[in-house]
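A short worksheet on the structure shown next.
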Amino acid sequence: MMSDLLNLSQISPVKPLLGRTRWVMGNWKMNPLTVQDAVMLAQGCQQRYAQCVETYPQCRVGIAPGPLHLVSVAQALGHLPMDLIAQDVACHSMATGAFTGDISAPQLHAAGVRWVLVGHSERRLVHGEHSSVLEAKLQAAIRAGLGVILCVGEQLHERENGQAQVVVLAQLAAHLSSLQALSTAQVLIAYEPVWAIGTGETASPGDANVMHGIIRDYLTVQVPHLSQVSILYGGSVKADNAAALAACTDIDGVLVGGAALESGTFGPIIEAFATAMV
Ligand code: PGA
């Protein structure tokens with residue numbers, strides 16, 4: 001399928017223990033409908049994570065409820081072992097003020113949020129967010145003490161034209177000076193090929209691992225202190241492909257959409273990444 005287009009299949013079957021943190025992050029997007037359902041989902045995820053966290057402390061889990069549900073989820077779970085992620089943030093550094101519809105980075109921080117997604121393809125493509133807006137969001141988040149999950153990924157026609165690597169590296173290059181000022185505790189990279197998001201079409205573990213290696217090589221040269229940053233894969237990650245992804249040397253975690261909407265499907269993905277480290 002998609003992977004045949006590239007003929008890249010260098011799966012590394014044995015994952016050496018590199019000491020990078022493993023991440024399983026759920027992006028709930030505009031789901032679920034009610035606050036009650038969001039709280040129940042969060043509690044279910046927390047329960048699944050609690051079963052792993054003591055044995056595998058190097059695997060961490062985050063959830064990204066929608067903005068309407070963030071506070072209720074944070075309150076219902078109390079002191080979270082999971083990280084709370086915001087799906088978006090205002091593109092300026094004001095904490096409060098006349099910005100209709102915005103949620104500021106300091107407001108998110110005050111609500112207990114730890115990370116914010118920046119550059120998700122649904123923001124780039126549906127909302128037309130270009131690198132200057134994304135850069136402003138990144139800066140605002142960092143100034144407020146939030147970590148940034150910087151999402152990059154090519155579209156199908158770009159992959160078919162052999163442009164995948166150029167596109168992904170250009171998306172990173174657009175934020176190079178900010179990345180140079182960040183530590184590995186402040187940033188995660190999520191590689192999410194657009195053609196694999198919500199389509200059921202996953203990049204093969206080999207293809208994903210190759211792109212992760214390219215990203216890591218680029219960072220190693222351009223931002224050497226981020227050479228060991230965690231790089232997550234996203235795009236139709238499911239319970240049945242998580243173990244193969246977790247076995248790849250350069251895939252440090254996953255950003256999960258559809259399969260994060262039930263703890264019964266999210267739980268096995270957590271377990272796959274937690275146990276892949278041993
Ligand atoms: P998906 O979404 O797992 O439903 O493909 C991933 C994402 O958009 O982060």
Side-chain angles (χ1 to χ4, degrees), residues 1-3 22-33 38 41-42 44-45 48 60-67 69-70 82-89 113-129 134 137 147-156 158-159 164 167-168 171-172 187-205 207-208 211-212 215 230-246 248 251-273:
M1 296 281 280
M2 292 298 171
S3 52
R22 313 290 147 160
W23 289 97
V24 178
M25 295 186 146
N27 176 9
W28 295 1
K29 309 191 180 186
M30 201 173 68
N31 297 292
L33 186 64
L41 174 57
C45 295
R48 297 299 293 247
R60 291 177 60 183
V61 170
I63 51 172
H69 302 158
L70 264 175
M82 295 188 293
D83 283 21
L84 206 55
I85 306 161
Q87 296 176 19
D88 192 23
V89 64
V113 169
R114 169 78 183 85
W115 299 93
V116 63
L117 296 176
V118 173
H120 190 283
S121 62
E122 286 152 18
R123 301 299 312 178
R124 290 180 192 264
L125 299 175
V126 181
H127 296 272
E129 291 186 359
L134 300 177
K137 291 186 173 196
V148 170
I149 303 165
L150 179 60
C151 304
V152 295
E154 81 285 358
Q155 298 182 60
L156 180 58
E158 293 163 336
R159 173 157 283 237
V167 167
V168 166
Q171 289 171 343
L172 285 174
V187 64
L188 304 171
I189 307 294
Y191 168 58
E192 299 201 295
V194 180
W195 46 268
I197 294 179
T199 59
E201 189 84 62
T202 322
S204 76
D207 286 352
M211 185 61 85
H212 283 222
I215 292 171
S230 293
I231 306 175
L232 284 53
Y233 168 78
S236 297
V237 176
K238 306 264 182 283
D240 59 9
N241 59 22
L245 290 164
C248 294
I251 298 180
D252 304 311
V254 278
L255 183 55
V256 186
L261 296 178
E262 285 179 29
S263 57
T265 50
F266 195 52
I269 300 172
I270 299 173
E271 281 142 30
F273 272 84

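In this chain, residues are counted from 1 in sequence order. Numbering of ligands and ligand atoms starts at 1, following listing order. Because only heavy atoms are used, hydrogens play no part in the values below, and waters and symmetry mates are left out as well, while side chains stay in.
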*asked:* Are any of the N/O atoms on Ile197, whether in the backbone or the side chain, positioned under 3.5 angstrom from an N/O atom of ligand 1?
replied: no
_Asn27 contact mode with ligand 1 (heavy-atom cut-off under 4.0 Å)_ = side chain
*Separation between CD1 of Ile85 and CG of Leu70, rounded to the nearest 0.5 Å*: 10.0 Å
*Rounded to the nearest 0.5 Å, what separation is found between the OG1 atom of Thr202 and the CH2 atom of Trp195?*
8.0 Å
*Any N or O of His120 that comes nearer than 3.5 Å to an N or O of ligand 1?*
yes
*asked:* If I take atom CD from residue Gln155 and atom CG from residue Leu125, how far apart are they, to the nearest 0.5 angstrom?
replied: 4.5 Å
*Classify the angle between the aromatic ring planes of Tyr233 and His212 as parallel (below 30°), tilted (30 to 60°) or perpendicular (above 60°).*
tilted
*Taking all heavy atoms of Pro193 and all of Gly234, pick out the closest pair and write down the distance.*
CD-O, 3.4 Å
*May I ask you to identify, for Ala196, whether its side chain, its backbone, both or neither come under 4.0 Å of ligand 1 on a heavy-atom basis?*
backbone
*Where the closest heavy atom to atom 5 (O) of ligand 1 is concerned, which of Gly257, Ala64, Gly198 has it?*
Gly198
*What atoms of ligand 1 come within less than 4.0 Å of a heavy atom belonging to Ser236?*
1 (P), 3 (O), 5 (O)
*Distance from atom 4 (O) of ligand 1 to nearest protein heavy atom, with residue and atom*: Gly258 N, 2.9 Å
_For atom 7 (C) of ligand 1, the protein heavy atom that lies nearest, with its residue and separation_ = Glu192 OE2, 3.1 Å
*State, to 0.1 Å, how close Phe266 and Cys45 come at their nearest heavy-atom pair, and which atoms those are.*
CD2-SG, 3.6 Å
*Looking only at heavy atoms, which two atoms of Ala239 and Pro268 are closest? And how far apart?*
CB-CB, 3.8 Å
*Can you sort out which atoms of ligand 1 are near Gly235, meaning under 4.0 Å from one of its heavy atoms?*
5 (O)
*Decide whether the shortest distance between a heavy atom of Lys238 and an atom of ligand 1 is less than 4.0 Å.*
no
